[in-house]
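Note sheet for the following structure.
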Amino acid sequence: MSRFFIFQLTYLALCFRSTNGFFFNAPVTKPSVPSNVKLLILPGFGNASTDYTMEKSLVSSLQAKGWKPEQISVLPVERADWLQVFLRGALDLKFWAADAPPTRKAFSWYLERISNEIQSL
């Protein structure tokens, strides 16, 4: 193996081990998010809005990736709100058979809340 080839391999290895993780120490840039794009985060079953806005959560991760705070919304939901699913579905046989579409009474409150939030954006 020639010395030149070994030098190239050593130089490439050093570039790959750079502190910012980029080849040839390219500057770290945040991807650009168009300013007319808005994001509505829908809390999952049993979760509250605060689960997505805490430190080191989804919202802070998105902001670190270039999203502006005014572009991100989280649907306002409390954990207690999820009790409505069982209270409204208690008398629905399709709900208990796991055969109820999401538009039935058990989840209709959630869909209405999503609709209202989208209209307010």
Side-chain angles (χ1 to χ4, degrees):
M1 223 187 278
S2 73
R3 287 185 189 162
F4 179 71
F5 185 71
I6 292 172
F7 171 77
Q8 284 181 321
L9 289 177
T10 305
Y11 180 71
L12 287 174
L14 291 174
C15 289
F16 277 118
R17 281 191 256 159
S18 66
T19 56
N20 63 12
F22 286 93
F23 187 66
F24 292 114
N25 292 325
V28 177
T29 59
K30 290 184 181 177
S32 150
V33 178
S35 61
N36 63 341
V37 175
K38 296 196 180 228
L39 179 67
L40 175 60
I41 299 170
L42 306 176
F45 187 79
N47 290 353
S49 304
T50 55
D51 297 337
Y52 300 88
T53 57
M54 295 185 294
E55 186 179 335
K56 296 186 180 180
S57 66
L58 181 58
V59 170
S60 60
S61 295
L62 289 168
Q63 288 174 349
K65 300 279 185 199
W67 289 81
K68 295 182 177 106
E70 60 273 8
Q71 291 179 282
I72 305 169
S73 298
V74 180
L75 186 71
V77 176
E78 299 296 325
R79 267 182 245 296
D81 292 339
W82 292 105
L83 291 174
Q84 293 182 62
V85 173
F86 298 107
L87 295 175
R88 292 178 175 200
L91 301 175
D92 186 351
L93 293 177
K94 286 192 170 211
F95 174 77
W96 292 108
D99 191 29
T103 54
R104 297 204 36 127
K105 205 168 191 172
F107 285 100
S108 63
W109 67 272
Y110 191 65
L111 297 176
E112 289 170 12
R113 198 170 289 186
I114 293 168
S115 177
N116 292 339
E117 191 69 22
I118 289 172
Q119 290 174 8
S120 71
L121 292 177

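As the structure is a computational prediction, the values presented were derived from the model and not from experiment.
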Side-chain cluster (under 4.5 Å, hydrophobic types only) that L93 belongs to, other residues: none
Donor-acceptor contacts, no H, no angles, side chain residues 33-45, under 3.5 Å, sequence neighbours left out:
none

message: In this structure, would V85 and L87 fall into the same cluster of hydrophobic residues linked by side-chain contacts under 4.5 Å?
response: no
message: Evaluate Q63 against K68 for side chain to side chain contact (heavy atoms under 4.5 Å, CB included), listing each step before the verdict.
response: CA-CA 6 Å; Q63 288 174 349; K68 295 182 177 106; over 6 Å; no
query: Who passes salt bridge (Lys or Arg N to Asp or Glu O under 4.0 Å) against R88, sequence neighbours left out?
result: none
- request: Give, for atom OH of Y52 and atom CG of L75, the distance between the pair rounded to the nearest 0.5 Å.
  value: 10.0 Å
task: Verify the cluster assignment for L111 and L121: are they in a single hydrophobic cluster under the rule of side-chain heavy atoms below 4.5 Å apart?
output: yes
query: Are the side chain of S49 and the backbone of V77 linked by a donor-acceptor contact shorter than 3.5 Å?
result: yes
task: Name all pairs fulfilling the side chain to side chain donor-acceptor pair (under 3.5 Å) condition that reach into residues 112-121, sequence neighbours left out, sorted by first residue then second.
output: D81-R113
Residues which pass side chain to side chain donor-acceptor pair (under 3.5 Å) with Y110, listed by chain and number, not counting sequence neighbours: none
- prompt: Taking the inter-plane angle between the rings of F95 and F86 on a 0 to 90° scale, is it parallel (under 30°), tilted (30 to 60°) or perpendicular (over 60°)?
  reply: perpendicular
- prompt: Below 4.0 angstrom, N of the basic side chain to O of the carboxylate: do D92 and R104 qualify?
  reply: yes
- request: Check whether any side-chain heavy atom of V74 sits under 4.5 Å from a side-chain heavy atom of V59, and report yes or no.
  value: yes
task: Go through the structure and list residues passing ring pair (Phe, Tyr, Trp, His ring centres under 6.0 Å) with W96, not counting sequence neighbours.
output: none
